[in-house]
Every structure is written in C-alpha cells, then in structure tokens.
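Written below as structure tokens is the structure these notes are about.
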Amino acid sequence: MLKSLIKKDLQECWEALEYEYSDNYYVEVPKNPEHGDFSTNAALANAKNNRLKPLDMAAQIVELLKKKRHYKSVSIAGNGFINFVLANNRYHKTLIDIFEAGDKYGQSEYGEGKKVLIEFVSANPTGPLNVVNARAAAYGDTLYKIMNYAGFKAKREYYINDSGNQVDVLAESLELRYREILGEDIGELPPGTYQGEYVKDLALKLRAKEGTKIMHYSEADKLEKMKEFALEEIHEMQYSSLEKFGVEFDSWVSEKMLRSQGVIEEVLSYLAEANCTYESEEAVWFASSKYGDEKDRVLMKSDGEITYFVPDLAYHLTKYHRGFDHIIDVLGPDHHGYVPRLTAAMRALQFDETKLEIIFLQQVNLFEGGEKVKMSKRTGNIITMDELIDEVGVDAARYFFLEKKPSAHLNFDLELAKKESSENPVYYCQYAHARICSVMKRAKKEKVNLKDFNTKDLTRLKSAEEIALIKKMVEFPELLVSASVAREPHRLAFYTYDLATLFHRYYQKYQVLNSARPELSKARLYLLTAVKETLAIALNLMGITAPESMYKSATKKKTETAAQKAKVESTEKKGSIYQKNDYDGKDDYSQINDGKDDDLIDDDDENDDDEVEVKTKKAAPKPKTKSGIAKAAGLIEKNTKTNKPEPKKDSKSTKKADSKTDKKEKSEPKKPKATKKEKKDK
RNA sequence: GCGCCAGUGGCUCAGUGGAUAGAGCAACGGCCUUCUAAGCCGUAGGUCAGAGGUUCGAAUCCUCUCUGGCGUGCCA
C-alpha cells in the first residue's frame, strides 16, 4: 500500500516533466536501513530512454517529490537510487489499519477466487509415511493455507494408488510374514517384497483379528483378504500420521474407485481417438514422443495389464473435469521423469496443459551426529513420519520442513532438532508471541487497556524500533501474495523469524508498560497487539501453534506435548470435515475390496449421483470426458462437497437437461479394444 | 550419453538484475534488582564451484566446464 503510494507519486513526476517512462522499475524496502524506508531504481531504469544520466533524472524527480508532505525526506544515493523516508504519521495511520484488521490482517483478494486443486503426499498405501511425505504434507498444507489467505479457492487432495502391482506385492509380503508368525520358516524374503517391520505388525494384527482360518482360504481369496486388510490398516496408519501432523485433506481419491468407474477403457479410447496409440510387441503404446516426451510409453503391457500411467491420466482428467482453474501436483524428486508423458497426454487430448503445474520437492536427508542416516526401502529400514514427529514435535518438524525452499535438498539434522531444540528457530518465533501475551497479561493486571485509547497517541511511537516493526508488518500482505504466487511457503518462515527478531530487539530495549507514562504504554500495547496478531497469523498459516506462554522451566517434552495437544484439539474442533465422510467409517475402506462398491466415497444417496454430475458438468469447460471420468469426477466432487455441511441446492432445470446428455453418453459403448486396432507398426 | 534439481562463511540455509552478499548453528567477548535471558549487543569467518558472455550494474540472465543428487522400466 505504501509502495503504490510512491509509485503513484513517481508517475506524477514523469508526467509533469514530460518524460517517457515504463514500469520496469521497482520500489522496495532496502536491506540497508540507511538507504531509507523505501528506495527505487526508477531513475536508473528510465534514464536511458530519455537520454539522460540517471543522476540528472533523479535530481529532477527528487525536487518535485520534496514538496509532498508524507515524506520526511527524499534523497539521491550516489549512483542514482532515490531513497525515501516516510513521515512517522504515515506509519501510524497504517498501524491503525493493521490493528483493525485483527485476525484478518494479510488477507487479500489477489487470487480472485480462482479454484485451485493441490494434490500432495499421495503416498503409496504400502507402508507408513516417510520423511519426504512429511515434507510434502507440511509444504502442501501451508501452500493451501496461504493461497486461500491470498484470495484463491484452494482444495487439498490425496490420491491413493490402491490398485496395481505394488498392492499385490504388499499382499504377498503380508502373506509371508503371516506364515512366519504361524511358525513356518520362510527363509529370506524375496527381493522386491516389503520388508519393513510394519508388515510383521500387520500380520500379528491380522492373526489377532482373524485367527488362522484365513489359511484355509483358496490362494486367491487369501491374498485378496490380506490385501484388503493391509490397505485398510495402512491407510489408517497414514491417516493418523497426517492427523497428528495437523494436515487435513478435502478429498481422498482412490485409484480403485476410478477403475471401477470404467475410466481405464475411456482413457484408452480417447488416446486411440486422438490417433496416438499403436501396438507393438504385444503391448499398447502411447506415442508420447510425438508430443514432447523423449520416448513412447507403454499403456497396456503384453500381459494385458495396464500400466499405472493410465489410471493416473484418468485421475488428472477428473481434475480438469471438476472445473479447476489451476491444478498443482506436488511430487517427490523421483518423479520428474514422469511429467513429460503426462503433459504429452494432455497435449494429445487437447487439454490445456498450462493449467497443470508440477512442483517437485527435493529429497530429505536425515542427519544424526553429523552423519547421514542410511535408509533403505528394500530392507524397510526407514525413519517414518511418526518417528520424526515423536522425536522433534509437530511445530519444530513443520518449521524445519517449511524453512527450505521446495527445490532445495533438505538436510534435517535430527540430533540438533532433538538435543538442542530449545534453540530451534521455531521456539524463537513462538517465544516472541508468548512474550507479548505475557505483557498483555501484565497489562490486564495493571488495568491498562485500550478501551479509551485515542489513536492520536500513536504519535508517541517514534523510536526506530517501533517504526521498524510497523514497516515489517506492512510487508505482510504482499509477502503472502508473493509466497503464494511463487509457491514458496518458506518465505513465510523467514518473514516470521524476521518479525520475531524485530520484536525481541524492541522488547529488550524498551519497557512497554510504564505507569509514569500511561499514554505511551497504551500506544505500545496497541502496537504489540498488532504484532502479536501478525505473528499468530503467520504461525497458524504454517500449522504451528502460537503459544500464550513458554517457560524455560518446562522441559522440552512438556512444551511439545502441550503444543501437540493444542494442535489435536484445534483439528478436532474444525475437524469433522472429511472424517464424517470417508473415515468416519473405516469400514468404507474395507468395502472397497468387496467387489460391490469400489470406492472411498460413501454413496448413500442414489439421487445425488445425477445432481453431482450436473454440477460438475456445468463446471467443466470442455466436456471432453465421457461417463466414466465424469462419474468419477462427480463422485469426488460430491465427496468434497459433502465434506462441508452445506444445504443442498436444487437446480432442477439444469439437472434434467444434463442428465439427458449424460444418458446419451452412457449409451455409447466403450471400445477399449479400439486401441489395438490402431496399429501403427514401426 | 541425455534430462531435471542443486553448488553462497566450518555446518544448515536466505537473497525480486541493483548500493558494503545476509541470517541461524558452531566459536569467541559482553548484558538479568525492571513486562519471560527459549532474549539482546558485539567480534571473527566469503574469489557466491570455475571460465567466458549480455549491460550503466550479475550470486541472480545466457553458454561451456567441474562436482553432488535424482531420473532416464512392459515399477509406482
């Protein structure tokens, strides 16, 4: 807001001086406070096109700006920068705005209500969540929060690969462990199986639940039963890890559900229609190299099974179909080779690939005692997300993950986080908040309050430290916008730290409450109220608690459990969102595998189906999709929608019209084999 | 080989084409009779991997080289 004030003034200058100007300049808060409150390179950037020396141009501008009253000073730096110092009352006015915004401070309309889907974590349901998943959880959740705060309408989604080869292997692994606990010598586990301890735990749990009767099943039934059991258990495990971490999702999408809606055939037929598939060596290929991928990819293997790519593509089509303006996938570092084929498919099917944005989080290395903790997926020797949280606490873990920009590898020093957690930067930020709360408690005790405070007394705030705090808070809204746009929540972590530093410095130097000077005390209290609110907002956006008090005497563990408790409580309060739906019945999940109802979505009201489809149809710009994907999209959408207890809207007219088209589409037979006809031998 | 990500004090990391490259940790030296010392102040530590280029100006943009991680499956 203050920057735009300066920009406006600069424009007036150029117009008055009749100079050419472009907006390729900036107004910024200089790193060095000696360079003023704000500075601009405007003269440097625009001197050339007016055939002037930067210094001369700057001099003329400064001459004009000096007449404005809201500047305390306007000056030229040696090389042509113009530095501004604003009058204090300008800051005092801004402080009032911040104070009055309260817990809404920093919110903006920047995103214009654009619908954004953020998919993150989406770990395979074959084991506990690991530290990379934890990073993704912290990242995705915070990105979601700041984007919503910046005016987007973001949703969080988790895709479950509960179908395919890896879950079959999971069942086999469980079967082996099961036989082992029954006393059989299974020898060494074959390579490729899941070897983690958790599989043994699953086996024990299964025996406790089912006894040994399962061993009398046919081989296929046995494995099916085990798969079902393992998926359910592991899903619960992952779910509870995320819950503990304070991360919720608006929707969970099951690959199995997608498949049951016929999306496989549909996707294959689309690709065939787009004339980009062919058969070779008994397999069906996607000619992705025609669309920018480095080589063609297999869609259907020679054994008749499809590759994971097909349902994944279908899943992405449902994202389009659900009418999002923008789609963000947060992927692990080992998936970047996968993107070209995905975008190739979008291109081939004429979907707007610019809507799809892939963000890669780089890997996480754990260090202990200066040495890298070796983890091996093969032997199952991994540190889980739960273990990490138990070790360092939710707040610290979230901060550590958020502190790094997504594209950077993250070295997480466990020992530091454990042993010296009291020096952890997250405590530094939280402590600033707690200190202010402490001052407020004291103020209450001394009956100092802001009820009869006259904001004119804010003129008493004139120390450099006080103005610095206001200046920092002024940056907050635009910081959130830039963090959203750049998809870099780590900027928020740094901001919070900086604001805390300014506060600690101020607190150290000045006594806030001083009975001899009641007006000054109130003005300072007013300022600190705004600072406290800003810190709390920032911390909450990162999923970190803003404690009212922190005492050194409290042991590390006490502080953490308290923080965790607070977290859990807050989750419970607003919670219920999806639990009610998908997970209020874990049974829902178990139903997945009974062959009847292959989805996660509690489909209790048949009439809803149509209505939902109506909605999604309306939302979809290009109904390229046919019934399977449309239906799946509808189911997901419905699931998402019903997460929020909203009164159902009645849209009869559109409903009729659309269900007609829907029927028409449905009656069109799917031709999965069409792809095979599409022979393009090389 | 090709592709993606990275390379900034001893360590972990910030850094919109701008001014003398910044924090934290570790090291060293100070500050508690005053609202929480989980704090503050100070000292030391740098050829921004290297070489060219673009321009008023480069850690930042372009090219090449080097180093590390990942990818390059009819795995997911």
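Being a predicted model, the structure only gives us computed values, none of them experimental. Heavy-atom basis, side chains included; hydrogens, waters and symmetry copies ignored. By convention in this document, chain letters (A, B, ...) are assigned in the order of the sequence lines, proteins followed by strands, and residues within each chain are numbered from 1.
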ask   = Can you check rC31(B) for me, syn or anti if syn means within 90° of 0?
value =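 Here rC31(B) takes the anti form, which means its glycosidic angle is more than 90° from 0.
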As a test of reading the structure: which of [options] is closest to the side chain of [X], going by heavy atoms?
| X | options | answer |
| --- | --- | --- |
| His490(A) | rU72(B), rG15(B), rG18(B) | rG15(B) |
| Gln363(A) | rA37(B), rU34(B), rG69(B) | rG69(B) |
| Ser407(A) | rA6(B), rC35(B), rA23(B) | rA6(B) |
| Asn411(A) | rU16(B), rA76(B), rU12(B) | rU12(B) |
| Arg442(A) | rC13(B), rC35(B), rC74(B) | rC35(B) |
| Arg435(A) | rA37(B), rC5(B), rA14(B) | rA37(B) |
| His35(A) | rC5(B), rA19(B), rU12(B) | rA19(B) |
| Arg505(A) | rA14(B), rA19(B), rC40(B) | rC40(B) |
| Met550(A) | rG24(B), rC35(B), rA38(B) | rA38(B) |
| Pro30(A) | rC40(B), rA14(B), rA19(B) | rA19(B) |

Taking the [atom1] atom in each of [N] and [M], what is the distance between them to the nearest angstrom?
| N | M | atom1 | answer |
| --- | --- | --- | --- |
| rA51(B) | rG9(B) | P | 15 Å |
| rU43(B) | rC61(B) | P | 33 Å |
| rG22(B) | rU60(B) | C1' | 15 Å |
| rC74(B) | rC25(B) | C1' | 49 Å |
| rU8(B) | rA58(B) | C1' | 14 Å |

Whole angstrom value for the distance that separates [atom2] of [N] from [atom1] of [X]:
| X | N | atom1 | atom2 | answer |
| --- | --- | --- | --- | --- |
| Tyr25(A) | rA19(B) | OH | P | 20 Å |
| Leu535(A) | rA38(B) | CG | P | 18 Å |
| Glu281(A) | rG73(B) | CD | C1' | 13 Å |
| Leu361(A) | rA6(B) | CG | P | 13 Å |
| Phe367(A) | rC13(B) | CZ | C1' | 13 Å |
| Phe38(A) | rG18(B) | CZ | P | 17 Å |
| Gln508(A) | rA37(B) | CD | P | 7 Å |
| Tyr507(A) | rC32(B) | OH | P | 16 Å |

ask   = More than 12 foreign heavy atoms under 6.0 Å from OH of Tyr110(A): is that the case here?
value =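 Counting neighbours around OH of Tyr110(A), 12 or fewer heavy atoms of other residues, nucleotides or ligands fall under 6.0 Å, so no.
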With heavy atoms under 4.0 Å as the rule, sort [X] into base, sugar-phosphate or nothing.
| X | answer |
| --- | --- |
| Ser39(A) | base |
| Asn83(A) | base |
| Lys441(A) | nothing |
| Phe400(A) | nothing |
| Ala434(A) | base |
| Gln511(A) | base |
| Phe494(A) | sugar-phosphate |
| Asn41(A) | base |
| Phe309(A) | nothing |
| His336(A) | base |
| Ser549(A) | base |

request  = Report the base-pairing partner of rU47(B) (Watson-Crick or G-U wobble, both distances below 3.5 angstrom), or none.
outcome  =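 Partner of rU47(B): none found under 3.5 Å.
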task = Please determine, for rU55(B), whether a Watson-Crick or G-U wobble partner exists with both distances under 3.5 Å, and give it or none.
result =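 In the structure as shown, rU55(B) has no Watson-Crick or wobble partner.
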ask   = Taking the six-membered ring of Tyr25(A), is the NZ or CZ of Lys7(A) close enough (under 6.0 Å from the centre) and on axis enough (within 45°)?
value =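 Yes, Lys7(A) lies over the aromatic ring of Tyr25(A).
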query = How about Tyr428(A) and His504(A): are their ring centroids closer than 6.0 Å?
reply =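 Yes, ring centres under 6.0 Å apart.
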inquiry  = Ring centres under 6.0 Å, that's the criterion: do Phe120(A) and Tyr158(A) meet it?
reply    =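 So the answer is no for these two rings.
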ask   = Between Leu271(A) and Leu299(A), is any pair of side-chain heavy atoms under 4.5 Å apart?
value =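 When only atoms from C-beta onward are counted, Leu299(A) and Leu271(A) do touch, with a gap below 4.5 Å.
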ask   = Do the side chains of Tyr26(A) and Thr40(A) get nearer than 4.5 Å, heavy atoms only?
value =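 No, every pair of side-chain atoms sits at 4.5 Å or beyond.
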query = salt bridge (Lys or Arg N to Asp or Glu O under 4.0 Å) with Asp498(A): which of Lys472(A), Arg491(A), Lys471(A)?
reply =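 Result: among Lys472(A), Arg491(A), Lys471(A), Lys472(A) is the only option passing the salt bridge (Lys or Arg N to Asp or Glu O under 4.0 Å) with Asp498(A).
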message = So if I apply the side chain to side chain contact (heavy atoms under 4.5 Å, CB included) rule between Arg460(A) and each of Glu519(A), Arg524(A), Lys522(A), which one comes out positive?
response =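 Single side chain to side chain contact (heavy atoms under 4.5 Å, CB included) partner of Arg460(A) among Glu519(A), Arg524(A), Lys522(A): Glu519(A).
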Strictly below 4.0 Å: does [X] bring a side-chain N or O up to OP1 or OP2 of [N]?
| X | N | result |
| --- | --- | --- |
| Lys445(A) | rC35(B) | no |
| Asn365(A) | rG69(B) | no |
| Lys405(A) | rG15(B) | yes |
| Tyr427(A) | rA37(B) | no |

query = If each of Glu548(A) and Phe360(A) is mapped to the nucleotide of RNA chain B with the nearest heavy atom, which maps nearer the 5' terminus, i.e. the 5' end?
reply =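 It is Phe360(A) whose nearest nucleotide is closer to the 5' end.
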message = I want to confirm an ordering. Mapping Leu44(A) and Asn124(A) to their closest nucleotides on RNA chain B, which one lands closer to the 5' end?
response =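 Closest to the 5' end, via its nearest nucleotide, is Leu44(A).
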inquiry  = Given 3.5 Å as the limit, does a donor-acceptor pair link the side chain of Thr501(A) with the main chain of Tyr497(A), or not?
reply    =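 At least one qualifying donor-acceptor pair exists.
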task = Measure from the ring centre of His335(A) to the centre of the six-membered ring in the base of rG71(B), then say whether that distance is under 5.5 Å and the planes meet at under 30°.
result =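 Base of rG71(B): not stacked against His335(A).
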ask   = So, do Phe81(A) and rA19(B) meet the stacking rule of ring centres under 5.5 Å and planes under 30°?
value =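 Ring-base stacking flag set for Phe81(A) and rA19(B).
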